[in-house]
2 protein chains.
Amino acid sequence: MGAAAERAEEEHEEWAGVTPDAARRLVGAAVEAFAERGYHATTTRDIAGRAGMSPAALYIHYKTKEELLYRISGIGHEKALRIMGAAAGAEGSATERLRDAVRTFARWHAEHHTTARVIQYELQALGPEHYTEIAGLRRRTDRLLRQIIQDGADSGEFRADDVPGTTLAVLSLCVDVARWFTADGPRTPDEVGTLYADLVLRMVGAPDPGRSTGASH
Amino acid sequence: MGAAAERAEEEHEEWAGVTPDAARRLVGAAVEAFAERGYHATTTRDIAGRAGMSPAALYIHYKTKEELLYRISGIGHEKALRIMGAAAGAEGSATERLRDAVRTFARWHAEHHTTARVIQYELQALGPEHYTEIAGLRRRTDRLLRQIIQDGADSGEFRADDVPGTTLAVLSLCVDVARWFTADGPRTPDEVGTLYADLVLRMVGAPDPGRSTGASH
DNA sequence: CGCGCCGCTGAGCAAGCGCTTAGGGTCCGG
DNA sequence: CCGGACCCTAAGCGCTTGCTCAGCGGCGCG
């Protein structure tokens with residue numbers, strides 16, 4: 001399966017793993033609503049309404065409104081972790097892996113900016129034990145990226161005096177895409193990914209000639 | 001007045017311009033609460049309680065809870081704009097101005113991370129006309145930074161193929177400091193500012209030798 | 001001392017919240 | 001034809017929310 005087909009499949013139904021159908025419609029509706037107004041400003045009546053059901057129907061599939069957020073956060077962060085893992089586990093130099101990591105990670109945050117906004121900015125609304133569980137996924141993502149940067153620093157490809165600080169900055173940069181990105185903006189998710197990969201490679205002082213050609217059309 | 005004295009004065013009373021005393025205590029309490037739990041999850045009873053008053057006292061000084069957020073946003077974004085303006089208006093090369101801009105802007109977002117979190121991440125809770133007014137301040141800040149980067153690109157100091165995109169990334173990086181920074185973390189606001197200035201200068205391909213010496217103490 | 005004013009409180013209202021419960025369709029195996 | 005499993009809805013419960021209002025205490029002024 002080619003990269004394009006793979007991406008199309010991922011995109012087609014982001015919540016394909018959620019069954020039955022009504023439960024899936026509810027997650028979709030909740031993501032939309034949470035991203036637009038925030039978790040606390042969203043009512044269960046609003047979510048149910050968007051999914052085309054009565055308010056009570058929500059509670060057949062989810063115990064509480066918080067559980068909905070928890071499911072969304074879990075699925076989303078697992079996806080983010082898999083994206084980072086694919087880039088980190090690939091073969092190639094630290095430069096190549098970092099470029100791929102930033103490009104795909106930033107692109108995902110743009111493409112799925114509603115989901116990403118929810119899972120990155122509404123975390124504090126989770127209950128304590130759900131929060132720590134999700135925070136664990138985040139830490140694993142963080143460690144994967146840090147390892148790439150550490151590898152590049154060790155091999156001399158990168159000039160990174162402060163590896164944890166640089167990791168933090170790169171992650172912060174990618175995650176924040178979810179905050180400002182809109183589908184009607186001037187940039188496509190692909191362009192954001194490419195731009196960010198270029199910027200980050202320069203940020204870590206990677207050798208320059210490998211830069212891609214930028215926006216192409 | 002030296003830089004240290006100036007910073008100490010700014011810090012001493014962030015809301016010094018707000019009178020009378022009770023109104024100032026309310027803004028302080030509101031910023032604290034909004035930053036911790038978010039605007040919608042914060043109750044007027046909580047704000048009043050933190051300020052040591054009854055819930056009704058809030059409405060003597062502010063018409064609505066939203067007006068409190070509006071005042072906070074206004075003061076905060078004006079401060080952010082002044083910081084960026086000071087760096088942009090200073091004399092020196094684009095490199096020097098960009099370093100100064102990123103250093104002070106990121107440092108402010110770390111030092112006043114509670115305020116910054118509120119003004120940067122709770123904007124959507126503002127009413128429509130208050131929102132557009134605050135968005136205007138943000139656009140002015142954005143333009144100041146873009147001009148610095150444009151100057152550097154024009155003079156050949158920077159290699160920035162995509163000036164608006166680079167501006168967006170730099171701003172995003174600095175703003176997002178407010179999300180992850182905590183006072184008990186491993187980095188001081190000063191260190192964050194210095195680190196970020198170094199990272200950004202490399203990101204725009206500025207000549208390297210000007211890098212500062214990093215953490216100093 | 002007396003009076004008005006300003007800042008504040010105690011009590012509470014209407015509305016909206018998350019969530020529950022009793023019951024009604026619709027389908028399938030027998 | 002029946003009976004129950006499965007989804008769903010209408011109605012509404014208890015509670016909290018943003019906000020209001022009548023009234024009170026202490027201060028400055030005459």
Side-chain angles (χ1 to χ4, degrees), chain A residues 15-73 118 122-131, chain B residues 15-73 118 122-131:
Chain A
W15 310 107
V18 182
T19 52
D21 186 73
R24 177 169 47 248
R25 264 156 48 220
L26 282 167
V27 216
V31 168
E32 234 181 74
F34 291 163
E36 258 176 47
R37 328 231 256 244
Y39 175 81
H40 288 292
T42 300
T43 69
T44 55
R45 284 161 177 83
D46 183 21
I47 298 171
R50 285 178 197 241
M53 328 185 193
S54 83
L58 193 152
Y59 293 92
I60 295 164
H61 303 283
Y62 303 96
K63 273 195 294 270
T64 62
K65 176 176 140 185
E66 191 264 359
E67 192 193 326
L68 250 173
L69 178 63
Y70 170 60
R71 297 286 183 99
I72 293 166
S73 300
V118 174
E122 305 288 339
L123 272 185
Q124 56 156 9
L126 287 170
E129 65 275 10
H130 284 167
Y131 177 84
Chain B
W15 310 106
V18 183
T19 51
D21 185 74
R24 177 170 47 249
R25 262 157 49 218
L26 282 167
V27 212
V31 168
E32 235 181 72
F34 291 163
E36 258 175 46
R37 329 234 253 244
Y39 175 81
H40 287 292
T42 300
T43 69
T44 54
R45 284 163 177 81
D46 183 20
I47 298 171
R50 285 178 198 241
M53 328 186 192
S54 84
L58 193 152
Y59 294 91
I60 295 163
H61 302 283
Y62 303 96
K63 274 196 292 269
T64 62
K65 175 176 141 185
E66 191 264 358
E67 193 193 325
L68 249 173
L69 178 62
Y70 170 59
R71 297 287 182 99
I72 292 165
S73 300
V118 174
E122 305 289 337
L123 271 185
Q124 56 156 10
L126 287 170
E129 64 276 8
H130 284 166
Y131 177 83

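Convention: sequence-line order gives letters A, B, ...; per-chain numbering from 1.
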Atom pair OH/CG of A:Tyr39 and A:Leu68 - distance to nearest 0.5 Å: 8.5 Å

Interatomic distance where CG belongs to B:Asp46 and P belongs to D:dC19 [whole Å]: 15 Å

Heavy-atom side-chain proximity of A:Arg25 to A:Trp15 below 4.5 angstrom: no

Separation of atom CD in B:Glu67 from atom P in D:dC19, rounded to whole Å: 10 Å

Nearest atoms (heavy-atom pairs only) where B:Tyr62 meets B:Arg71: CE2-CG, 4.0 Å

Flag, side chain of B:Lys65 to backbone of B:Thr42, donor-acceptor distance under 3.5 Å: yes

Check ion pair B:Arg50-B:Glu36 (N to O, under 4.0 angstrom): yes

DNA chain D-proximal residues of residues 30-43 of chain A, any heavy atom under 4.0 Å: none

Distances under 3.5 Å between protein N/O atoms and the N/O atoms of nucleotides 22-27 of chain D, please, pair by pair.
none

B:Lys63 to B:Tyr70 six-membered ring, cation-pi geometry met (6.0 Å, 45°): no

Separation of atom OH in B:Tyr59 from atom P in C:dG7, rounded to whole Å: 18 Å

B:Met53 vs B:Leu58 side-chain heavy atoms within contact, under 4.5 Å: no

Whole-Å gap separating P (C:dG7) and CG (B:Leu58): 15 Å

Check nucleotides 6-13 of chain D against the protein and report each pair of N or O atoms closer than 3.5 Å, with its distance, or say if there are none.
{"unit_1": "D:dC8", "atom_1": "OP2", "unit_2": "A:His61", "atom_2": "NE2", "d": "2.7"}
{"unit_1": "D:dT9", "atom_1": "OP1", "unit_2": "A:Ser54", "atom_2": "N", "d": "3.4"}
{"unit_1": "D:dT9", "atom_1": "OP2", "unit_2": "A:Ser54", "atom_2": "N", "d": "2.8"}
{"unit_1": "D:dT9", "atom_1": "OP2", "unit_2": "A:Ser54", "atom_2": "OG", "d": "2.9"}

Between CG on residue B:Leu69 and OH on residue B:Tyr131, distance to nearest 0.5 Å: 12.0 Å

Side chain to side chain contact (heavy atoms under 4.5 Å, CB included) between B:Asp46 and B:Arg37, intermediate numbers included: CA-CA 11 Å; B:Asp46 183 20; B:Arg37 329 234 253 244; 3.2 Å; yes

Check: B:Gly127 main-chain N/O paired with B:Glu66 side-chain donor or acceptor under 3.5 Å: yes

Rounded distance (Å) that lies between atom C1' of D:dT16 and atom NZ of A:Lys65: 13 Å

Non-hydrogen side-chain atoms of A:Pro20 and A:His61 separated by less than 4.5 Å: yes

